[in-house]
Every structure is written in structure tokens, then in C-alpha cells.
Protein chains: 2
Amino acid sequence: MPLRTGHGSRRTVRDLRAANRARVLRHLYFHGPLSRHELAGATGLSQASVSNVAGELLDDGVLAEAGLVESDGGRPRVLLRVDPGHAAVAGVDVGETHVLVEVFDLTLTRLAMTTFPVEPGAQSVDTVVRRVTAGLTRCLADSGVERDRVLGVGVGVPGLVEQGPEPLVHAQTTGWDGVPLHRLLAASTGLPLHVDNGANTLGQAEMWFGAGRGARDAVIALIGSGVGASVVADGTPYRGASGGAGEWGHTTIALDGRTCRCGARGCLEAYVGAAGVLDRYHEAVGARPVEVDQERALRDLVALADTDARARAVLEETARCAGAGVANLINTLNPERVIIGGWAGLLLGERLLPGIRAAAAEHALRRSFQRASIDLCELGPESVALGAATLPVAEFLAAGGVRAASATRSTG
Amino acid sequence: MPLRTGHGSRRTVRDLRAANRARVLRHLYFHGPLSRHELAGATGLSQASVSNVAGELLDDGVLAEAGLVESDGGRPRVLLRVDPGHAAVAGVDVGETHVLVEVFDLTLTRLAMTTFPVEPGAQSVDTVVRRVTAGLTRCLADSGVERDRVLGVGVGVPGLVEQGPEPLVHAQTTGWDGVPLHRLLAASTGLPLHVDNGANTLGQAEMWFGAGRGARDAVIALIGSGVGASVVADGTPYRGASGGAGEWGHTTIALDGRTCRCGARGCLEAYVGAAGVLDRYHEAVGARPVEVDQERALRDLVALADTDARARAVLEETARCAGAGVANLINTLNPERVIIGGWAGLLLGERLLPGIRAAAAEHALRRSFQRASIDLCELGPESVALGAATLPVAEFLAAGGVRAASATRSTG
DNA sequence: ACGCCTTACTTCAAGACGTGATTCAAGCGA
DNA sequence: TCGCTTGAATCACGTCTTGAAGTAAGGCGT
């Protein structure tokens, strides 16, 4: 008895209207200014319905007219577009070393940002909540956006987010175990909240505006100090049964291999994570790891590879492992696109991509490999907040341009 | 620009009715006889709508009344159920050694079956098409089902099925490369056809009637001579971009490990597939593999493990590898259930399950592992045809009890 | 300047649907 | 036989989409 009956709203004739509003609105959001006529063709609705729905959306201020296009010998068509100023959203990146808050307009153009550095390992829940709240207030002031024009706040956090009636955050690195960040922030900001794994939000940013545009089945593979992935299946992010999907880094690629910080042996992360790569180099040259900035160390290693054979060998091995890992993704998920990102991924990517592709070709089944492209992220690792801001927008679009009830505002 | 506008039908007010018919029908199909009253509660529809919809479905003969239940002191409630005799479906298992055709009633009770042995390696497309057609004709005769009462034919084939406007079958083992089996069988049977990977159809059988009942996110891991998996995400089978999802067997678990028949090194299949297990034993004892029945050989090996340390070691290693493979599934997909099947999986399973669980616990992230159960299939490896028969039924349910237009019958 | 043509958009009447309230049906107990 | 309770059908109402008919807005030829 699968296929749960799923109370997927659409039951009454009004839900139908909501769905059609969403149809029109979403198409307009992603496919730019369009006339009512084109919209009818694209959405499959009749012109009459498009006119009705568009009229409503114009009245609500969600859409705006965007100029005329002359049609040869007839009445010019009026272009419609989503009004960027209709509402704003906030995106937050709760990272291991900083808290970044950004405010965007409805089309996700950035209006303001604020960063707080965080002493590593010192992210108490309380601190994070205070910083987010403060950052949000400051960003709203800087951008001149009134609080009640904000659709919602998306937050990308490190670690696993268990979605549910009360979403809980579990993060090894910060020692959070079942933190109801959602509730805490909703209380302190008074805005609708969306919390998700930072890897997932970054993945969403790539899907909307980066290398994932237009793809329906994709995996965004993120290589930083650790390694993770964001899985997109049938056009929507896939989180698994309890939010833990995409833990690519702790996938075993070498039985009895190197010990990973998670305690297991042979995890991909132990080979291709920045820490793993540096460790392997230090072992190769017999040197003790110097405690400096990991990013700088990795950059040095890449530079060194031009002249030093041992460094080159470590990087080649990294590409081989990453390629095998990518092949595993391709074999189990058969995506049309694998997108490699994360600061280390981008740092290494330029140089390693051919090697990764070759190794993936070797380990993946031919047909699935051929159908998948392997590329680098286009947006850089700073887009966690942008991706987080995507979440309230997605909800807004799915609701047909109707705002979610906020935490404090009454639902009525 | 993800989230394609997706012409997901529901646009007009009639689509709404169709969706609500599907809602009621599906609930009734999986949750047994229910009264209109209970149905209203479960589907979220008003009693009036349930009455209307149920009335239509009764008129169409899809539903039937199934007795009364006395309600204390009031009018007894009439139970409704899907009429098993309303229609029939066929399921076909195109295996490497046989072609099995079965006919079921609408509730998937088997009415008739026919098997044809196939000389290994001799499955020409032509032969398969002839056998399926003949088997179907015979089964229909045996069960007394008229051809036009058959909703459709589901076919499970070995290898990859690329869904699309014209589904194509690619199978290494039979040498099929882009065979339009769908079209060929539709032409020769004159019935609506559904072709899918046998692993997927078997997975569907487990999801509907076996160990997967009630799960929303699951993986059915199949271990035979080769190794595959069927991925169920959000309640529906996930096929990836081109039907290649779930190729678990060719996932790398040991870089530079054993050579797999796919040509790559370190594939899971080379360790836990029946052939791989037997090879490893033969290498361990230094014996040349005797060419006998693989199933018998594996059974012997399991028996031998009671007394022979080397056999035991091979099986323990198998459990370790399988556990790592399962852990990889858990880490990437975070299912709530991993179900192990396939003839070798079931043969080894009883003995190896504790070892597999232990190894999976070691290699999977704790939280995801805790949320996942690891169990054996309940239906046995013969349920490929049953699962295949599931496909036309699923379509029928999704359409709200309206039959698909057949290949030959006119669409109008 | 005028009329005509083309194209874009809006209005309108018809058909269809779900819902809540109301009415009908069916059994039970006194 | 008469309430009483509960299940199921009917009805009026509001809402929705749609195709067709009507209206707006511009170009072009005379």
C-alpha cells in the first residue's frame, strides 16, 4: 500500500484556481516577461483563464506590466512580469566560521547583506539566533524594506535538518543535536521560516541560477573541508525519509581505507575532502601538518603541483577518488547533470575536472555516464544564503502568489 | 529555472473530478472495503462528493458493494470495495532463463500463468515477443478472461529501460541495445504496454504487497548473479534521467579492487553478487570453479560454512561488503527501509543479515542508519511478473478508474 | 481622414464540480 | 407504532474553466 493518498490540497474548485495561479506565476518567474498570449500557450490554459488569473495577480501587485511588443499589424502585446518589489525575502548562511544574512527582492536580486564572523566551534544556538536576528534587522534597515513585506527567511545550516512538524537541526561540527532552530528563529524574527541543510540550499541556488538551470535530475556535489551533496530528483530537492539524503562524503569507496573523522574507514571524504587531501600530502612527504589556513594550504598544494611530482600525485589520486565517487552518484541516481562545487571543489576543479571525468567514465556504467554531464558550480560557495532565500520564494510561487502565514501574524 | 511548469493535467474542473475519483479509488484499493463515510474522512472530500464519485465508480463497475456493517442504532453502512473482476492485467517476467507470463484480476490475485524456458543467451527479441504473445493468449484462455477486459500488460526485463515517447530496452546480458520492446509487444498483443526493469517491477511488488508496504522512501536491493536495486522516492519508483537509477551493483566500494564483469574494478557486484562470492571462495581455496548451477553452488557454500572456516570467512566478507553497500544507499538516499532480495540475497540473507546490519552500522552515519530498517524481501524472486502487473494497475488507479487507450483500439 | 484588417485581450453564457444544509432511508428499542 | 440514531442522496449556491463572441489597439491602403 504505497502511494499514500496524500492530501495534496487540490480537492475543490478553488484549489484549482490556486494551482492555475501558481502555474502562471511560476512560468512567469522563471521564463521572464511574457504576454498573456504566450502564457496561455506555455501553461496550457485558455486565454480567458490566463486573462482572469493575470488580472488577479496584477490586482494583487504580484505581477506588473513590462512594456509592449509590437505585433506586425495588430494590437501590441503587453508583457507581464513578476514585480521584483512586490515582496522581499531573506537568506541566511549559518556557516562554521560566519553567519551571513542577506535580503533580496522577489526576483532574488540582493538588496543588502551583513556578515558576522564566528569563532570556530563557538556557535552556541543562542549566539546564532541573536546574530541572525540582528543581521536581519540591519539588512532590512539598510535596504529600506519594511518587515511585513518580507515573505520569509530561509536558513542554510551545516548538518542535517530533520523536516517535520517541528524541524530539528542536528550538526556534528557545532554539536547541535536536535535544535529547534526553526521555532527559535520564528519566535525572534516573527517571520515565516525555512531551515535546510546548507548543501541543499546551495544546490537550490545552482538549480535556479547556476549550472543546474533547466535540469530535472541533478546532483550538486560539494567539496569543502568535508564533503556533501544535494540531490535533485524530478525537479525538486530530495531529502530522504528524515532529511539525511545526500551524505555523499561518508559513502565508502575504499573498504578498510583511510579513517574518516566520522569514525568509519574508507569514506570518500577522507580522500577528497580538503582535510583529507592535505593529510594525504603530508603523509606522502613525511611532514607534520602545519596548522594554517586550510584554504591557503590547499591553494599552495595546487600551485606546487606544477613543479612537485608528489603534490601532483596526490591531486591525481584525489581526482581518481572523486571520479569514483561521482560514478557512484551516477550509477545510483542516474542524474543528467553532476555539478561539483564547494570551495575546495572549485579550487581543485579547474585542474582536476578532466581527471574526475576520466575516472568517472571508468567506474560508471557507460550509458548512464554518457547521459550525465559533469561540470563545476557557477555561483561560488557564497550562494548558500541565496539558495536559502529560494525556499520562501518557492513556497510563494507554489501557493500562487499568496503569502504564508507568519509565525506571529495570525493565520486568519 | 527548475520546477518545470509540468502540464500535470489538473487544469480544468473535470480534471479535478478525475483526480478525486483517483483519490477515492486508490484509497479503496489499498485500504480495503470502506464505507462512504470512512472514505470521506480518509480522502478529505465531503460526504456529498464521495457519494457522487462512488456512485459513478459503481455505475462504471469499478467498485462493488461488499456487505453491510451495522452501526449501533442507525442505518448500517455499506462497504465499498474495488471489484476484482472488473478488469484483468497481465504481468510478464522476461528473465535470463525463462519467460513467465501471468494474468491477474484487478486486485492482483493470480488467475493463470505460463512459463517458457529459454536457452541461456538465446533470447532474440523475436523469440521473446513470440513467447510473450503466446503465453498471454494461453493465460487468457486458461483464466477465461476476454482480451478486452485486460487493462494492460506489464513487462519486467533485465537491463535498463529508457522511458520516453518510445521506450527502449538496453540489456548487456541479452545483447539488446535499444530494442523497442514496448512497440513490438503493443503491436502483437494489441494491449496497452508498460515495460520496466525487472528489478524495478520486483521492487514494486514488494512495495505493494511485501516488505515495503507503507514505506514512502525505500530501496529494494537485489542480489542475484548480478546486483541491482530499485529506488522508491516519495512513494514512487525513481528511474533517474534515463531509466538508469539504481545500478547499485556497479557502485565502487573498493578502489582498485576486484575486476567486475562490467570491466571496472571494485564494483560491489564483484564482491556480493553470486558469481563474485563463488569466485572469491574458489580463489580462497585455490580451486578452479566448477561449472555447475550457480544457485546450487551457492547453497552448498552456505551449508559448508557451518563446518569450513574458509567458506565462513568468504561469507563474512560478503556480509561486510554488502553492509558497506547498504550503508552507501543509506547515506546517499536516507531511506526508511532497505529491503534485501534477489535469489542470492534471500539465500544468503537469513545467515548474513546480522553481519550486514553490523557492517552497515559501521559505515553509515548514525542518524540515517537509525532511521532505516534493513530487512529481507517477503515475496521471493518470482514476483517480477506480479510487480510488472502492478504498472497497468497503477495507471488505472491514477486515471481514476478509466482505462488507457490500447495500442490498437482507437483513442477516441 | 476614413475604413478595413490584424492581432491582443476581455466579456459572456454554458457546462461542470464540490460543499453544506436538507431530506430521504434504514435499522433499533421501547 | 413511534421516536431516535446514523448513513446516504439531493439540492441550491458559489466557483471555476472554456470557447465564442465582442472589444481594444495599432497598421495600412485609399
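Reminder, nothing fancy here: chain letters follow the sequence lines and each chain counts from 1. For clarity, every value in this text was computed on a predicted model and none was experimentally measured. We use all heavy atoms of the structure for the numbers below, so side chains are in, but hydrogens, waters and symmetry mates are not.
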Presence of salt bridge, B:Arg21 and B:Asp60, under 4.0 angstrom:
yes
Note: A:Arg17-A:Glu56 ion pair, threshold 4.0 Å (strictly below)
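So A:Arg17 pairs with A:Glu56 through a salt bridge.
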For B:Arg36 and D:dG7, is the shortest distance between a side-chain N/O and OP1 or OP2 below 4.0 Å?
no
Any A:Thr12 side-chain nitrogen or oxygen under 4.0 Å from OP1 or OP2 of C:dG18
no
Whole angstroms only, please: what is the [atom1]-[atom2] distance between [X] and [N]?
| X | N | atom1 | atom2 | result |
| --- | --- | --- | --- | --- |
| A:Leu34 | C:dC9 | CG | C1' | 16 Å |
| A:Glu38 | C:dT7 | CD | C1' | 13 Å |
| B:Leu80 | D:dA8 | CG | C1' | 11 Å |
| A:Leu68 | D:dG27 | CG | P | 11 Å |
| B:Arg11 | D:dT18 | CZ | P | 7 Å |
| B:His37 | D:dA9 | NE2 | P | 13 Å |
| A:Glu65 | C:dA8 | CD | C1' | 12 Å |

Contacting residues from residues 47-60 of chain B, given that a heavy atom lies under 4.0 angstrom of DNA chain C
B:Ala48, B:Ser49
Listed partners of A:Ser49 passing side-chain hydrogen bond (donor to acceptor under 3.5 Å, both in side chains), at least two apart:
A:Ser46
Of A:Arg14 and B:Leu79, the one whose nearest nucleotide on DNA chain D sits closer to the 5' end is B:Leu79
Closest-nucleotide mapping onto DNA chain D: is A:Asn20 or B:Arg77 further toward the 5' terminus? I mean the 5' end.
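The 5'-side residue here is B:Arg77.
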List the steps and the verdict of side-chain hydrogen bond (donor to acceptor under 3.5 Å, both in side chains) for A:Asp196 and A:Thr201.
CA-CA 7 Å; A:Asp196 202 348; A:Thr201 69; over 6 Å; no
Using salt bridge (charged side-chain N to carboxylate O under 4.0 Å, His left out), reason through B:Glu166 and B:Arg183 one step at a time and then give a plain yes or no.
CA-CA 7 Å; B:Glu166 162 129 324; B:Arg183 173 159 52 81; 3.2 Å; yes
If only atom types and distance count, is the side chain of A:Arg81 paired as donor or acceptor with the main-chain N or O of A:Leu34 below 3.5 Å?
no
To the side chain of A:Leu16, which of D:dC16, C:dC17, C:dA8 is closest?
D:dC16
Should the side chain of A:Arg75 and the base of D:dA25 be counted as holding a donor-acceptor pair, with the cut-off at 3.5 Å?
no
Separation of B:Arg23 CZ from B:Leu45 CG (nearest 0.5 Å)
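Between atom CG of B:Leu45 and atom CZ of B:Arg23 there are 6.0 Å.
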